Every structure is written in C-alpha cells, then in structure tokens.
Amino acid sequence: MPPLREFQSVVRVAGPILAVSGIDDAGYNEVVKVLLPDGTVRTGQVLESRKGMAIVMVFGGTRDLDCDITAVRFTGRPMTMPVSKEMLGRIFSGSADPIDGGGSVVPEKEMEISGYAINPTKREFPQDSIETGISAIDGMNTLVQGQKLPVFSGSGLPHSFLAAQITRQARVRGTDESFAVVFAAMGITHEEARFFVEEFSETGARAHAVIFLNRADDPAIERIVTPRLALTAAEYLAFDLGMHVLVVMQDITAYCEALREVSAAREEIPARRGYPGYMYTDLASLYERAGRVKGRPGSITQLSILSMPDDDITHPVPDLTGYITEGQIVLSRELHRKGIYPPIDVLPCLSRLMQGGIGEGRTRPDHANVSSQLYAAYARGRRLAGLVAVIGDEGLTDVDRLYLTFLDRFEHEFVGQKRDEGRSFDETLDRAWDLLSIFPQDELKRIDPKYIKEHYRGGTG
Amino acid sequence: MTESSIIRITGPVVEADRMRGAQMYEVVFVGEDELIGEIIGLYNDTATIQVYEDTTGITPGEPVKRSTMPLSVELGPGLLEMIYDGIQRPLTELGDLSGDFIVRGVSAPALSREKKFLFTPSLSEGDEISGGAVIGSVPETKQILHTILLAPDLSGTVERIAGEGEYTVDETILWLKDDTGKVQKITMLQRWPVRVPRPIQSKLPAIRPLITGQRVIDSFFPMVQGGTAAVPGPFGAGKTVVQHQLAKWCDADIIVYVGCGERGNEMADVLRQFPSLVDPKTKEPLMKRTVLIGNTSNMPVAAREASVYTGITIAEYYRDMGYSVALMADSTSRWAEAMREISGRLEEMPGEHGYPAYLGSRLADFYERAGRVKTLSGEEGSISVIGAVSPPGGDFSEPVTQNTLRIVRVFWALDADLAHQRHFPAVNWLLSYSLYSDLVAPWWEKHGGSEWGTMRSDLLALLQKENELEEIVQLVGPDLLPEEDKFTLNVAAILRESFLVQSAFDPVDTFCPPEKQYRMMTLIHRYYRLGRHAVGEGMTAAEIQQLPVTARLSRLGPIPHEEFDSLYPKICEEMNSAFPGGDA
Ligand SMILES: Nc1ncnc2c1ncn2[C@@H]1O[C@H](COP(=O)(O)OP(=O)(O)O)[C@@H](O)[C@H]1O
Ligand SMILES: [Mg+2]
C-alpha cells in the first residue's frame with residue numbers, strides 16, 4: 001500500500017459511510033483517520049476503492065461530520081493494534097484506548113486485527129474438558145478448551161451472572177489454574193459493564209483480565225472493531241504467551257446490528273431481516289478465532305453472549321451463530337420464571353466437542369451414557385407435562401408419573417444451583433444418578449448395564 | 001495484455017480494465033502479490049474477478065496478469081490422502097511454507113513434483129488411441145490402482161511410451177503424434193477445468209446400494225452407488241456427523257470430502273481420525289481412500305464457491321478409472337451463500353432470499369455430475385453425491401432446500417426435536433424418503449433375506465401408525481387406548497430406541513453390517529407380529545412389556561457383532577416360546 005495521503009474532498013456522508021473523491025489508490029481495508037476541525041480524530045476503514053473514489057466506514061460514526069471541513073488521511077496500513085502482556089489488568093474502550101486512567105501500553109508487537117485463518121491442518125482438535133462447576137453444562141454439554149460455545153439469552157435473563165460464574169469457577173483441566181479472561185462488551189448497558197468490572201475486581205480476576213468496553217451509548221459502528229481487538233489480544237496471550245484464554249463477548253446481537261447498519265448505508269441487498277448476506281462469513285471470522293494450534297501450549301475458548309430478539313432462536317443472529325459455533329447454551333424464560341438459576345433449557349443446548357472431552361481418563365466412563373439418558377428422560381418428561389396440561393393426569397401410567405417426578409427434580413436439583421455453587425464432575429454425575437434412580441433399571445435404555453450396576457441406587461429393579 | 005490494471009475493489013470482487021480478449025472463468029493473478037482470481041464477468045474490456053485470497057491492501061492501479069487458462073485442478077497420482085483448500089492448494093504444504101496461519105500469496109503445487117510413482121505402461125508404439133484411453137497404471141495405495149488415462153480431449157498415435165519404472169508426475173511417459181504429425185509429450189499429470197464435467201460414454205442406471213452401516217439409511221431410506229442425496233437440517237441436527245459417518249463407513253472405493261464453509265475443528269477431527277480408522281472392506285486406513293477439500297468458513301469466500309467444483313472434478317477423475325466414488329459436500333448452503341455474496345457484489349438482480357436467479361440451475365448442474373456411467377475407456381464407474389443443506393431457522397421452505405429437493409432422489413430430513421432428545425441419527429422417518437428403495441430390494445433379498453421389502457414397509461407403517469396414535473393420545477391420554485394400540489406404541493418405541501437410534505460414537509454400533517441390520521429388523525418385526533397375535537388372544541400390552549424377551553430387544557446395536565450372531569437364534573427361540581402362537 002502507498003504511504004500517507006490526505007484529502008479534503010468528502011463528497012457524501014450516509015450513515016456511518018463517507019465517500020472521498022480524488023483518491024486513486026486507496027487500499028482495500030486500509031485504515032483512515034478522519035480529522036475533525038476541533039482536532040479530534042476518528043478511525044475508519046476503506047470498504048471499497050476505485051479510481052478517484054474511496055468508500056470509508058467511520059467507527060466513531062458520522063452524524064456530526066461536515067463534508068467541507070473534514071480531512072481524511074489514508075494511512076497506507078491495514079488496521080493493527082499494539083499488544084503486550086501489560087494489557088492484563090487493564091480496561092480499554094471499544095477502540096482499544098485505555099480508559100482506566102492508566103497510561104498507554106508499551107507494545108511488544110503490532111498485530112493485524114482481522115487476524116489470519118488457522119490452517120486446518122495446524123489445528124489441534126480440542127479435547128481437554130473444562131470444569132465450569134455448572135451441572136447443566138458439565139454434565140450434559142461439557143465445554144472443552146479451545147471451543148466456541150455461545151450463550152443464547154434474552155433481555156432480563158441472568159446471562160451475565162452465568163458468564164461471571166463460569167469465568168470465576170472455570171479451571172484449566174488437571175491444574176488449579178484459572179483462565180486469563182478477555183472481555184469484550186458491545187453495546188451493553190453501563191450497569192452490565194460495571195457488574196463485570198466489579199465482579200472481576202472482587203474475585204481478583206481483574207489482574208488476569210483484559211477488558212474492552214463499548215457501551216450502549218458509545219458509537220455503534222465501533223462495535224465492528226471491538227471484538228476483533230479483543231480476539232487479537234486473546235491470540236497474543238494464547239498463541240504467543242501460551243496462556244489459556246477465555247473470551248467473553250457480549251452482545252453479539254449488538255455487533256450484528258452494527259453490521260446491518262453499515263450494509264444498509266451501502267444499500268446492499270439484504271438476506272434475512274435486513275442483515276447482510278455475508279453475515280455468516282463475517283461472524284465466522286470472529287468465532288473461528290477460537291481453538292488450539294498444534295505445538296502451542298495456549299488455547300482460546302469463546303463464551304459469547306447474544307440476546308435473541310423476541311426469544312426467537314430462528315432469528316438470523318442466533319441462527320447463523322449456531323451454524324458456526326461448536327454448540328450453544330440456551331437460557332429459558334420459562335425456567336427463569338420458575339425461579340430456577342441458571343435457567344438453562346438443556347434440550348436445545350449442545351456441545352459439539354463434548355464427546356472428545358469426556359469419558360474414561362477425562363471425566364468418567366459413564367458420562368456419555370448418563371448424559372444421553374438424562375436427555376431422553378427429560379424430553380419425555382416435558383412431553384408428558386405438555387400432555388397433562390391438556391388432558392390432566394388421569395390417563396397416565398405409573399411409569400409416566402415417574403417421568404413427571406423426574407422432570408421436576410431434574411429442573412430444581414440438577415439444573416438449578418446457587419450462584420456461588422461450583423460442582424465437580426463427580427458431584428454432577430452423582431446427582432444425575434440420584435435422579436435416574438427414580439426409574440426402574442430397565443427404563444434406562446441408553447445406559448450400558450455395567451454402569452447401572454456400578455451407579456444405580458434405586459430400590460426397584 | 002500485460003497492462004491490465006485494477007480499477008475497483010470491493011471485498012473479494014475486483015474489476016480490471018484493458019482486459020479485452022480475456023475469457024469467462026479464466027484464471028488471473030491480481031495485484032503485486034499475484035493473488036489468484038477468476039474472471040466471472042466481462043463487459044467491453046472490463047473484467048469482474050473473484051479473488052480467492054484476502055484482498056486487504058490491494059489498490060486500484062495494481063496490475064492484473066492473465067493466465068489464459070480456466071480455473072483447473074491438477075489430476076494424477078498422489079491425490080489420495082491430500083487435504084486441499086477450495087482451489088486445490090495443498091494445506092499441509094502451505095503450512096510448511098507459511099506456518100500455522102494461512103497468509104496471502106503463498107502457493108504450492110497440488111501434486112508433488114518430487115514423489116516418484118511406479119508406472120507400468122499398457123500401450124505399445126503405433127497404437128492408435130483416443131481420449132480416455134488407458135496409458136498405464138500406478139499403484140497409488142495398496143488398494144487403489146491408479147489408471148493413467150489419456151486426457152479426454154486428446155488423441156493420436158503412440159510414438160513412444162516410457163518403460164516400466166519410477167516417474168514423477170511431470171516426467172514424460174508418452175509421446176503422442178496427432179493428425180498433424182505434431183508430437184505431444186504426455187505426463188501423468190493432467191489439468192481439467194473444474195466447471196466442465198469430464199466426458200463419459202453414457203450414463204447407466206444405478207444398480208446397487210451404497211451401504212453405509214447406518215440402519216436408518218440402509219434399511220429405511222437407502223442410497224445407491226451413483227445416486228444423489230440431501231441431508232437438510234437445522235444446526236446441531238447431525239448433518240456433519242451423518243456426512244462423517246458416510247465418509248468413514250460407506251462402501252465406495254474413493255471418498256472425496258468437501259468441507260465447504262464449515263468449521264476448522266471439523267476438518268481437524270477428520271484429519272485426526274481418518275488415518276487411524278480402518279476401512280471395514282479393505283482393512284486399510286480410511287485416509288488411504290480419501291481426498292479432503294477444506295475451505296472453512298473463515299477462509300476466502302470465493303474459494304468456498306470453487307470448492308465443490310474442485311471436489312467433483314477429482315471425483316470424476318477417479319470415476320473415470322472405474323471406481324465407485326462418494327462425494328460429501330458439507331454444506332451446499334454455504335456454497336449457495338458464497339454464490340449469493342458474489343452475485344450481490346456484482347449487483348445482479350436478486351431472486352428469492354437474495355439468491356441469484358441461477359441458483360437452481362447451478363445446483364442441478366452440480367448434482368448432474370453424479371451417476372453411474374460407462375467411462376470413455378469402457379469401465380463402469382460411479383459418483384454418489386451427498387449434500388448437506390443448512391436451512392436458515394431450520395425452515396425447509398427456503399430456496400436452497402427446495403431447489404435441492406427438486407433434484408436429489410434421497411432426502412434425509414434431520415429434525416431438531418429428535419436431536420434435542422439425543423435421538424441420533426435424527427432422521428425424521430415421516431418426512432424422509434428414498435426413491436431407490438425398489439431398486440435396492442433385490443440386493444437386500446440376496447444379502448439379507450427375502451422378507452426385506454415386506455418388513456421395511458411394515459415397520460415404516462408402524463411408525464406412521466404411531467404418529468396417528470400419538471395424536472389421539474394428545475386428546476384422550478394413553479390409558480384409554482385399546483390394548484392393541486398400546487402394544488403398537490410399545491413396539492414403535494422399541495423400533496425407535498433400539499433400531500433407529502445408532503450412536504456414531506459407540507465403538508461397535510458406529511457401523512452396523514447389513515446382515516445385522518436385517519436380523520435386528522427381523523427380531524423387531526417378529527416381535528410385532530407375535531405380540532399382535534397374542535393381544536388378539538387376550539394378552540395385555542403391559543403383560544407383553546413385562547416379558548423378559550422384551551428387555552432383550554433393547555440395546556441390540558452395541559452388542560458386538562459376533563456375540564449378536566450367537567444371540568440371535570436364542571432371542572428368536574425365546575420369542576417363540578414367550579408368545580402364544582409362536583412357532584415353537
Ligand atoms: N449419529 C450420531 N450419534 C451420536 N451423536 C450424534 C449423532 N449425530 C449427531 N450427534 C450429536 O449431535 C451433534 C451435532 O451434530 P452435527 O452433525 O455437528 O450437526 P449439524 O452439522 O447438523 O450442525 C454432534 O456433535 C453430536 O454430539
Ligand atoms: Mg455441520
């Protein structure tokens with residue numbers, strides 16, 4: 001790319017987009033600095049370049065920009081960020097400026113924030129399970145190091161508590177070591193942001209956390225860079241410094257809205273509900289930055305939070321996310337109303353990498369069977385509960401009634417736990433056996449008889 | 001020709017001027033870094049180019065170089081066991097060159113120029129040959145004899161042929177004199193444009209099933225060698241696991257697995273498992289019969305569009321040697337979306353859901369390259385294509401699913417509800433179908449037994465019946481049903497839990513041989529028949545449920561195959577004596 005060039009010829013401003021004329025050699029994705037008369041500077045990026053014209057997206061927004069007086073400086077560089085171990089313990093804005101009163105970070109190196117795709121042949125298949133201490137996750141949707149497992153939530157649901165509890169309790173397998181945390185807030189409220197910062201401070205996690213905050217009243221378009229900055233920091237910590245990093249990004253839906261805004265300003269043909277057709281590819285460029293790399297000790301585990309508009313799991317944001325991530329944890333308003341915390345509806349949950357992380361030598365040999373049986377039993381219990389709601393419980397068989405008992409106890413005793421309660425894998429699985437022992441043994445069709453012999457505690461058989 | 005330069009860049013799409021004389025689908029090298037691109041539009045002397053690598057930093061004015069070649073793949077010995085990106089760049093070799101992350105502008109030949117293969121000629125001087133003729137052969141792996149075929153578009157007289165010996169793919173092995181007297185030097189490596197189907201003599205009807213070892217597929221909704229199948233389902237319903245299971249266990253000779261716009265870890269999983277898993281047919285590592293194409297979701301979107309063509313061209317190449325090839329594409333929706341994304345950048349008139357109007361014809365052209373054929377050299381070969389479809393929101397009415405359904409003959413509809421209960425494979429038995437079931441019946445009657453067709457339709461009818469009864473239960477509850485219907489529900493539950501459920505992760509049940517499938521079907525079918533008779537004689541459904549033989553029918557799949565073989569007659573006997581009217 002050519003070196004620095006400066007132009008004053010902004011010919012059009014539309015939403016977050018500027019058109020600059022007179023430039024023949026803007027580089028695609030090149031970083032620009034938009035200079036305002038009062039001396040402030042906003043950062044932008046070239047979205048389209050042709051002879052005589054560049055289309056630029058401005059992260060700080062363009063609402064107050066004036067065509068005549070704004071100067072646009074093309075830097076001749078792709079977007080990069082300085083990274084260093086010193087970032088741990090610090091708080092940055094959504095554009096990576098320090099906002100905690102501390103000075104700027106002395107960089108160890110500059111990294112391109114769009115990152116590079118990990119060569120699939122260099123990926124280490126993630127298999128080391130993480131004990132989060134949450135039964136519905138550890139028992140039925142086990143998370144492994146290097147996995148991307150988002151939380152699908154809705155407004156007013158306690159996803160923040162859950163994310164905080166997981167970051168607090170999660171331990172690197174086989175050690176007592178906790179994770180380095182990179183937290184990227186996109187469009188969340190001040191209150192939510194404060195909750196995380198305080199939570200991290202109280203538990204001492206601050207010292208090994210890097211926090212990026214783009215709050216609800218910060219520029220919306222900045223949300224397009226915030227997760228990329230966070231992931232670049234995470235890659236540095238994980239793959240250069242060998243740390244196990246847990247990345248929490250909240251709220252992916254706000255991120256996608258920013259994408260939609262840019263797309264609309266460019267008058268692109270939308271796919272579903274106004275979101276751009278390339279949103280799958282764009283989200284993949286974030287989510288696929290989780291993982292492990294052969295021969296490097298660190299890992300990036302992603303626990304993103306997204307709110308489902310109208311609690312609709314088929315909305316493009318959760319839908320495309322689910323198609324990219326390695327499973328999902330789904331929160332339910334109904335369980336929340338019943339007072340169950342965490343209100344995890346296990347049925348639509350999935351951990352695609354669970355299989356490799358559990359079993360003999362990892363968690364326990366009966367783990368896979370127990371999980372499958374819990375699913376089958378809970379699904380049947382739910383179906384029967386639906387039936388009872390319509391026709392009453394007269395027509396039920398004795399076995400059916402056991403499923404209803406199971407349903408209730410499962411939700412309260414297995415899914416439900418306290419906010420400061422961490423359960424070990426063993427405790428979780430033992431609890432599962434307590435519940436499965438409600439049934440006669442021959443109802444447990446998904447479990448190998450040898451495990452029944454070992455763990456079953458019912459009197460009936 | 002060299003003065004062409006870039007005039008516009010938007011994401012993966014670039015325009016260049018002074019391109020007069022260029023061809024559609026010609027490969028070009030874009031910018032100072034010579035990124036690989038393909039011409040996808042021509043207007044006067046302006047060309048629209050899709051670029052297969054990240055275009056960050058490219059500026060107008062940078063040069064565009066023409067190759068005068070259409071986007072092609074390299075074909076020859078050494079394809080097996082390779083993993084390529086969407087435009088056939090070898091990922092392992094790229095890793096050696098550029099490290100753990102894929103950077104721009106690096107390339108390596110698709111086929112090794114160093115490796116030597118033992119070539120045995122099968123021609124003599126003076127032979128008159130035409131396209132597709134067998135030049136010789138190379139033992140590519142223990143199992144796969146790689147036939148070296150004359151490229152379909154060549155013909156002539158053999159002037160000279162190399163003797164038996166070790167050659168690299170770019171050494172001349174044949175000197176061929178054409179009509180004009182010009183001598184062409186032929187190597188074991190040939191190039192073929194990916195968007196052009198390789199020619200054949202004729203299409204042949206499919207005749208035998210593609211056995212997958214998955215009960216719900218082989219026994220209920222069978223696939224054939226040379227057939228087409230689609231696996232649509234919402235995320236998490238099990239599309240990828242079905243594709244992996246087929247890639248692992250199906251009885252094709254060659255597997256081409258295209259990971260199109262999906263997860264990096266899924267490719268890592270295949271790379272981790274396939275070298276150590278053993279092909280049940282040949283006892284060789286699965287990797288030895290496999291070619292992988294991995295263009296994951298975070299790799300350039302244009303190369304994702306190309307990946308399915310790269311895959312099917314490689315499949316055609318092995319088909320032309322007379323092999324039965326199976327190609328899995330996970331997911332064709334990502335390919336369609338790549339088409340949509342590029343089409344959007346071209347500002348083409350969008351059709352339904354923003355997809356280009358030619359979506360349907362592109363899908364049809366692709367699946368049309370499947371089939372059992374008579375090759376140019378007179379061999380019989382086949383390509384079976386199994387495409388995953390990822391409908392937004394799991395809604396099958398969307399354009400990619402609908403256009404695919406118009407073409408394929410097998411439909412395995414995956415169902416979120418079944419997946420939520422961890423009923424895997426989550427193939428919905430009410431929605432799925434196979435138009436090949438009559439075609440494979442003779443095979444099953446020979447290899448399983450004469451009752452295959454009857455049992456299959458009885459058991460499918462049982463599931464249909466269960467569905468009707470469930471609706472009644474929704475109104476009156478289960479207790480008011482007549483005994484016969486209660487029993488029907490119980491048998492349907494056994495059929496579902498014991499026969500249809502099949503864990504891909506169970507070391508035994510991951511592959512169920514056809515003989516075992518037939519026997520499991522027989523046991524359940526007989527239980528159903530005898531039980532119904534017993535109910536007619538006054539036995540209650542609850543009494544039947546208590547019979548020890550009922551418990552015997554659960555967890556049949558994970559029983560090791562030999563153990564099952566000795567258990568089978570015992571269960572039959574028990575059943576006969578447990579029911580009144582049994583044949584005992
Ligand atoms: N046949 C099967 N046996 C066991 N588990 C399965 C099977 N099919 C799917 N699963 C489970 O479902 C998960 C999702 O399957 P996957 O094929 O990745 O879904 P999709 O590709 O449709 O999103 C897998 O990670 C696995 O846990
Ligand atoms: Mg998949």
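In what follows, chains are A, B, ... by sequence order, proteins preceding strands, each numbered from 1. Keep in mind that what you see is a predicted model, and the values were worked out from it rather than measured.
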- Item | Side-chain touch Met82(B)/Glu93(B), heavy atoms, less than 4.5 angstrom | yes
- Considering only heavy atoms, which portion of Thr296(B) lies under 4.5 Å from any heavy atom of chain A: side chain, backbone, both, or neither? side chain
- Ring-face cation contact, Tyr278(A) with Arg345(B), 6.0 Å cut, 45° max: yes
- Message: Less than 3.5 Å apart, any donor N or O on the side chain of Gln273(B) or Asp269(B) sitting next to an acceptor on the other?
- Response: yes
- Item | Part of Arg272(B) lying under 4.5 Å from any heavy atom of chain A | side chain
- Where on Gln127(A) is there a heavy atom nearer than 4.5 Å to chain B: the side chain, the backbone, both, or neither? side chain
- Query: Of the backbone (N, CA, C, O) and the side chain (C-beta and beyond), which part of Glu288(A) lies under 4.5 Å from a heavy atom of chain B, both, or neither?
  - Reply: both
- Message: Taking side chain as everything from C-beta outward and backbone as N, CA, C, O, which of these in Ile118(A) sits under 4.5 Å from a heavy atom of chain B? Side chain, backbone, both or neither.
- Response: both
- With a 4.5 angstrom heavy-atom cut-off, which part of Ile447(A) approaches chain B: side chain, backbone, both or neither? backbone
- Does any heavy atom of chain B fall under 4.5 Å from the side chain of Leu47(A), the backbone, both, or neither of them? backbone
- Item | Side-chain donor or acceptor of Gln45(A) paired with backbone N/O of Met57(A) under 3.5 Å | no
- If one checks every heavy atom of Val13(B) against chain A at 4.5 Å, the contacting part turns out to be neither
- Query: chain B heavy atoms under 4.5 Å from Tyr378(A): which part of the residue, side chain, backbone, both or neither?
  - Reply: neither
- Of all of Thr397(A), Leu353(A), Asp282(A), Asp24(A), which one pairs up most often with chain B through heavy atoms under 4.5 Å apart? Asp24(A)
- Item | Heavy-atom contact with chain B under 4.5 Å, split by part of Thr325(A) | backbone
- Query: In terms of heavy-atom pairs under 4.5 Å with chain B, which of Gly52(A), Ser49(A), Pro270(A) leads?
  - Reply: Ser49(A)
- Of Gly11(B), Gly95(B), Pro558(B), Gly61(B), the largest count of non-hydrogen pairs under 4.5 angstrom with chain A goes to Gly11(B)
- Message: Is the shortest side-chain heavy-atom distance between Asp100(B) and Lys294(A) below 4.5 Å?
- Response: no
- Cut-off 4.5 Å, heavy atoms of chain B, and the answer for Pro316(A) is neither
- Task: Let me know if Leu480(B) has heavy atoms under 4.5 Å from chain A in its side chain, its backbone, both or neither.
- Result: neither
- Let me know if Arg292(A) has heavy atoms under 4.5 Å from chain B in its side chain, its backbone, both or neither. neither
- Cut-off 4.5 Å, heavy atoms of chain A, and the answer for Ile9(B) is both
- May I ask you to check whether Thr56(B) and Asn29(A) show a side-chain donor-acceptor distance below 3.5 Å? yes
- Between Glu337(B) and Tyr355(B), is any pair of side-chain heavy atoms under 4.5 Å apart? yes
- Comparing Arg555(B), His353(B), Arg104(B) against chain A, the one with the most heavy-atom pairs below 4.5 Å turns out to be Arg555(B)
- Query: Which answer fits Arg446(A), side chain, backbone, both or neither, if we ask what part of it has an atom under 4.5 Å from a heavy atom of chain B?
  - Reply: both
- Task: Identify which of Asp400(A), Thr281(A), Ile55(A) forms the greatest number of heavy-atom pairs closer than 4.5 Å to chain B.
- Result: Thr281(A)
- So what's closer than 4.5 Å to chain B heavy atoms on Gln147(A): side chain, backbone, both or neither? neither
- Query: Any idea which of Leu347(A), Thr314(A), Leu320(A), Asp312(A) has the most non-hydrogen atom pairs under 4.5 angstrom with chain B?
  - Reply: Leu347(A)
- Output yes when Arg380(A) and Glu443(A) qualify as a salt bridge under the 4.0 Å nitrogen-oxygen rule, no when they do not. yes
- Item | Partner chain A: residue of Pro350(B), Ala542(B), Gly393(B), Ser503(B) with the largest heavy-atom pair count (under 4.5 Å) | Gly393(B)
- Query: After noting the C-alpha distance and the side-chain angles of Arg228(A) and Ser285(A), does the key distance pass the side chain to side chain donor-acceptor pair (under 3.5 Å) rule?
  - Reply: CA-CA 9 Å; Arg228(A) 294 187 163 82; Ser285(A) 75; 3.1 Å; yes
- Query: Any donor-acceptor pair under 3.5 Å linking the side chain of Thr80(A) with the backbone of Glu112(A)?
  - Reply: no
- Query: Hey, is Arg383(A) close enough to Glu470(B) for a salt bridge, meaning N to O under 4.0 Å?
  - Reply: no
- Between Ile102(B), Val103(B), Asp479(B), which has the largest tally of heavy atom pairs under 4.5 Å with chain A? Ile102(B)
- Task: Measure distances from Leu475(B) to the heavy atoms of chain A and classify the residue's part below 4.5 Å as side chain, backbone, both or neither.
- Result: backbone
- Query: Is the backbone N or O of Gly105(B) less than 3.5 Å from a side-chain atom of Glu53(B), with the two atoms forming a donor-acceptor pair by type?
  - Reply: yes
- Note on the structure: Honestly, the part of Thr55(B) sitting under 4.5 Å from a heavy atom of chain A is both
- Query: Going by heavy atoms in the side chains, are Arg382(A) and His420(B) under 4.5 Å from each other?
  - Reply: no
- Ionic contact status for Arg296(A) with Glu235(A), cut-off 4.0 Å: no
- Note on the structure: Per-residue tally against chain B (heavy atom, under 4.5 Å) across Ala379(A), Ala368(A), Pro348(A) peaks at Pro348(A)
- Item | Side-chain touch Val330(A)/Ile313(A), heavy atoms, less than 4.5 angstrom | yes
- Do Ile293(B) and Met267(B) come within less than 4.5 Å of each other through their side chains, counting heavy atoms only? no
- Task: Name the member of Asp506(B), Asn265(B), Leu271(B) that forms the most heavy-atom pairs with chain A at distances under 4.5 Å.
- Result: Asn265(B)
- Flag the one option from His315(A), Glu268(A), Glu326(A) with the top tally of heavy-atom pairs under 4.5 Å to chain B. Glu326(A)
- Message: Taking the basic N atoms (NZ, or NE/NH1/NH2) and the acidic carboxylate oxygens, is any pair closer than 4.0 Å for Glu398(B) and Arg272(A)?
- Response: no
- chain A contact via Gln474(B) - side chain, backbone, both or neither, heavy atoms under 4.5 Å: both
- Message: Using a 4.5 angstrom heavy-atom cutoff, name the option from Ala416(B), Pro234(B), Ser498(B) with the most pairs to chain A.
- Response: Pro234(B)
- Message: Please classify the contact of Tyr323(A) with chain B as side chain, backbone, both or neither, using a heavy-atom distance under 4.5 Å.
- Response: both
- Task: Check each atom of Pro391(B) against the heavy atoms of chain A and say whether the ones under 4.5 Å are side chain, backbone, both or neither.
- Result: both
- Message: Main chain of Thr121(A), side chain of Asn119(A): is a donor-acceptor contact present, judged purely on distance under 3.5 Å?
- Response: yes
- Sort Glu347(B) into side chain, backbone, both or neither according to what part of it lies under 4.5 angstrom from a heavy atom of chain A. neither
- Query: Does the ring center of His244(B) lie less than 6.0 Å from the ring center of Tyr257(B)?
  - Reply: yes
